[in-house]
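Just so you know, these numbers use all the heavy atoms, side chains as well, and skip hydrogens, waters and symmetry mates. Reminder, nothing fancy here: chain letters follow the sequence lines and each chain counts from 1.
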Amino acid sequence: MPAEARAPTDLLNGPQREAVLHHEGPLIVFAGAGSGKTRVITHRIAELVQGYRVPPYEVLAVTFTNKAAGEMKSRLERMLGPELTRDLWVGTFHAVCARLLRRYGEAAGIAPNFTIYDATDQRALMTRVGRELGLEERRFPPQQLLARVLREKQEARGPESFEGDNYFDEVAKRAYVLYDKQLRAANAVDFEDLLLKVLAIAESETPEGEHLRGRFRQILVDEFQDVNTVQYRLVGALAPHRNVCAVGDDDQAIYRWRGADVRKIRGFVRDFPGARLVKLEQNYRSSGHIVAAALGVIGRSSERQPKELWTAEPAGEPVSVVATRDERDEAAWVVTRLRAELDAGTDAGHIAIFYRVHAQSRVLEEAMRAENLPYQIIGGHRFFDRAEVKDLIAYLRLVANPKSDVDLLRIINVPSRKIGQKTVERLGEVARERGLSMYEALGPVCREDLVPTAAKKALGAFSELMDGLMRAAPTDTPHALAERVLADSGYEAALKSEDTAEADGRLENLREVLSSLADYEEEQNAAGEDATLEGYLARITLQSDADQIVDAPRVPMMTVHAAKGLEFDAVFLCGMEDRLFPLRSDDPNRRCDVEEERRLCYVALTRARHRLYVLHTAMRLIYGQTRYNAPSPFLGDLPRKVVREVLTDAHKDAVTAFAAGRSPYATAQHGGDDDEVGPSRLGGGFGARAGAGSFGRGSAARRSPSFSPRRVSEPPRAPGERYLEAEPDDGSSPTVRVGARVSHPHFGLGVVQKVDTGPDPIATVKFVGQTPKRIKLSFLSSA
DNA sequence: ATCCGAATATTTTTT
DNA sequence: ATATTCGGAT
């Protein structure tokens, strides 16, 4: 990779290089996109170990993904050799904490065989909590309770310090207490606990705390802008010596919704007195045009640290902004251009397709498949989320930690063992009454005839199965144990007897789990470590989307979030439309952080090395609805001189059809029988899109309002202000209610399903023979 | 207890 | 549009 050779630390200027390699004490590096920040960290580590003789096991490097950790390790291996590298602590906050918790967890009341509950498990647990509290599921959806509780946990606030100002919070507080209690009873932790427990130990005046605080002499943290409160405190607690090197870029902070706080970067200077600040502002990755485009978008951001990214690279190709008709037209354009890229010799693995939400991936995937183009979808419904895979994992987790009721509940009757809902409920009751886990309650329930005979027999069989597996666990390798589970539980047999294509697929997936277990064992052995069941389970639970990217000649397709930290020769960024990117929910209560969306856009643009294609559609079918979105306001922030505009034929057709007074988008049977809603009114809507392609030249501002920085129809907003204001229905909007019959000049008669109020009210309307469509109220007349 | 079809919610982004 | 949950019938 030429980039590798271009930007090592020896290209840094004197003082920067000096600080990065030799500064003692706190150091913060503001590393602009593509400025080689990972390289900074690896070189500093190498210098610490080799130059300063810091023992590698006293160096902790925190990365954002496991994949980044792996890459960092392999780079270090080349610099330091395998022995030294093996002893370094390199990993994500979560992975590192999981490891520490196995060792120090007893001090926080966690047995070393603890289970990590993923989002699904957390939701399952919260659902049970809600039921136990007798909460109505409609009023208190477990998902929302969980979100509320996790928000508290991300801020390191326990239930006692819950700042409730409404009834929902009151309830959430009670849910929090019980949720945590159940986790403890199950000897399980959620993602937040993993960090919180370690933090609690590290901040405690115990021998373990003492030990933990002295454990790492040097700590390096990558992607510091996305560190949340707990992680920040954790760094502080683990580094009483203040030897912390934080590397980040506030322009790339995209996880505020997850509790990350950009201001932590500023707090660093306060909390780590004497911190040395280094700025890396040269981008070694992207062409001049691409850097200029990205700067156009981020330059409009407020509240950023002063810095000026620049590049010495040639301007290169202009950025293509492509106007398409709909999502299929968009996908078709991508696929065609992609083919040309491949024909020109670009490696498929060096081209990426980005989108804002996973829901956009399907159409693109279909287009890729239809054209026989190699691709891999990153994230979405992940492999380990498949039902059969989760079942097998649940067996393994229950074997490792019999107290985990969530896992028991998942597999107690899978495959069917004639254990019904009633029986399971009874088992749960007994367990609760006696303070036992459900697994522990199996014995008493059977012995004391607390369930009917048939149920007793079934429970007994299940109990025996699990006991057998648990006896085998200490001597079996994880792989052998998994095979035993599949055989003894009858799971494999049940699938085989189904003898359908679907069952075959499931078996195939299970075999894949087995091979991933084998891989794990092999890897651990190679590293001279034990291959433990707990280790494997933690690893798969803590895997991130980005971790799945394999280095193969296939085009990776992913959300922009997953693209963080990656780079590609060519990038296709799809769905650059208002309301999709920046993403705004239909729900007026949900606010949208436009500034964060802007940074996200910046991240997307800066992934591209040489060629960047940005696409938007005039209409889009998403979530079962057709939406007519204006081009993203971010497009208006691209400097005109770096952009090449492209209009697909379909988009042009749509525009011409519109100009002729026919609906560009309605299906054939609809004529142009305009009534009082004439083309001139439509002009305000579709017309804006029709001109979407025109950058530059005098008339653009008039014909293409969506490309000017501010739209005439929307007042200027203060930075950080809520994007979508929920306004009380003051009667100024047309009186259209749910259920009202309305007509649209092109779609005909319809019934209003939903009305979103606001400055520009939008109704969801079901027209005869159409999928529900979202239409601005101004386009509708009552019928 | 299980199966099937209908109703119902859910859709940002993720360790 | 899709996934999951629920209710009623078998």
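- Closest to the side chain of Ser416(A), from the set dT13(B), dT15(B), dT2(B), is dT2(B).
- Across the protein-nucleic acid pair, Asn66(A) atom CG and dT15(B) atom C1' stand 9 Å apart, rounded to whole Å.
- Put simply, CZ on Arg99(A) is 20 Å from P on dT15(B), counting in whole angstrom units.
- Atom P of nucleotide dT15(B) and atom CD1 of Ile540(A) are separated by 14 Å, given to the nearest angstrom.
- Comparing Lys418(A) and Pro141(A) along DNA chain B, the residue whose closest nucleotide (by nearest heavy atom) sits nearer the 5' end is Lys418(A).
- The side chain of Tyr255(A) approaches dT14(B) more closely than any other nucleotide in the set dT2(B), dT14(B), dT12(B).
- Under 4.0 angstrom from either OP1 or OP2 of dT15(B) there lies no side-chain N or O belonging to Thr541(A).
- dT12(B) sits 23 Å from dT5(C) when the C1' atoms are compared, rounded to a whole Å.
- Whole-Å rounding puts the Arg151(A) CZ to dT14(B) P distance at 19 Å.
- Judged by the 6.0 Å distance and 45° axis criteria, Arg539(A) is not positioned over the aromatic ring of Tyr536(A).
- For the pair Arg148(A) and Phe168(A), the cation-pi test (distance below 6.0 Å, angle within 45°) is failed.
- Remark on DNA chain B: of its neighbouring residues Gly420(A) and Gln143(A), the 5'-side contact belongs to Gly420(A), judged by nearest-heavy-atom nucleotide.
- OP1 or OP2 of dA1(B) sits under 4.0 Å from a side-chain N or O of Thr423(A).
- Once the 5.5 Å centre distance and the 30° plane angle are applied, the aromatic ring of Trp257(A) is found stacked with the base of dT13(B).
- Leu146(A) has its CG atom 14 Å from the C1' atom of dT15(B), to the nearest Å.
- Between Lys153(A) and Tyr176(A), some side-chain heavy-atom pair lies under the 4.5 Å cut-off.
- If you look at Tyr255(A) and His561(A), their ring centroids are closer than 6.0 Å.
- Between Arg258(A) and dT12(B) there is no side-chain polar atom (N or O) within less than 4.0 angstrom of OP1 or OP2.
- Distance from the side chain of His358(A) is smallest to dT13(B) among dT2(C), dT13(B), dT11(B).
- Here Lys456(A) contributes atom NZ and Leu442(A) contributes atom CG; the two are 13.5 Å apart, rounded to the nearest 0.5 Å.
- Atom CG in Asn228(A) sits roughly 14 Å away from atom P in dT15(B) (whole-Å rounding).
- For the C1' atoms, the distance from dT4(C) to dT13(B) is 22 Å, rounded to whole Å.
- In this structure, Asn413(A) reaches the dT2(B) phosphate: one of its side-chain N or O atoms is under 4.0 Å from OP1 or OP2.
- Contact check on Arg328(A) versus Glu366(A) returns no salt bridge, with no Lys/Arg side-chain nitrogen under 4.0 Å from an Asp/Glu carboxylate oxygen.
- Residue Arg356(A) contributes atom CZ, which lies 12 Å from atom C1' of dT11(B) at whole-angstrom precision.
- Per the geometry, CZ belonging to Arg627(A) stands 13 Å off C1' belonging to dA1(C), to the nearest Å.
- Between Thr559(A) and dT12(B) there is no side-chain N or O to OP1 or OP2 distance below 4.0 Å.
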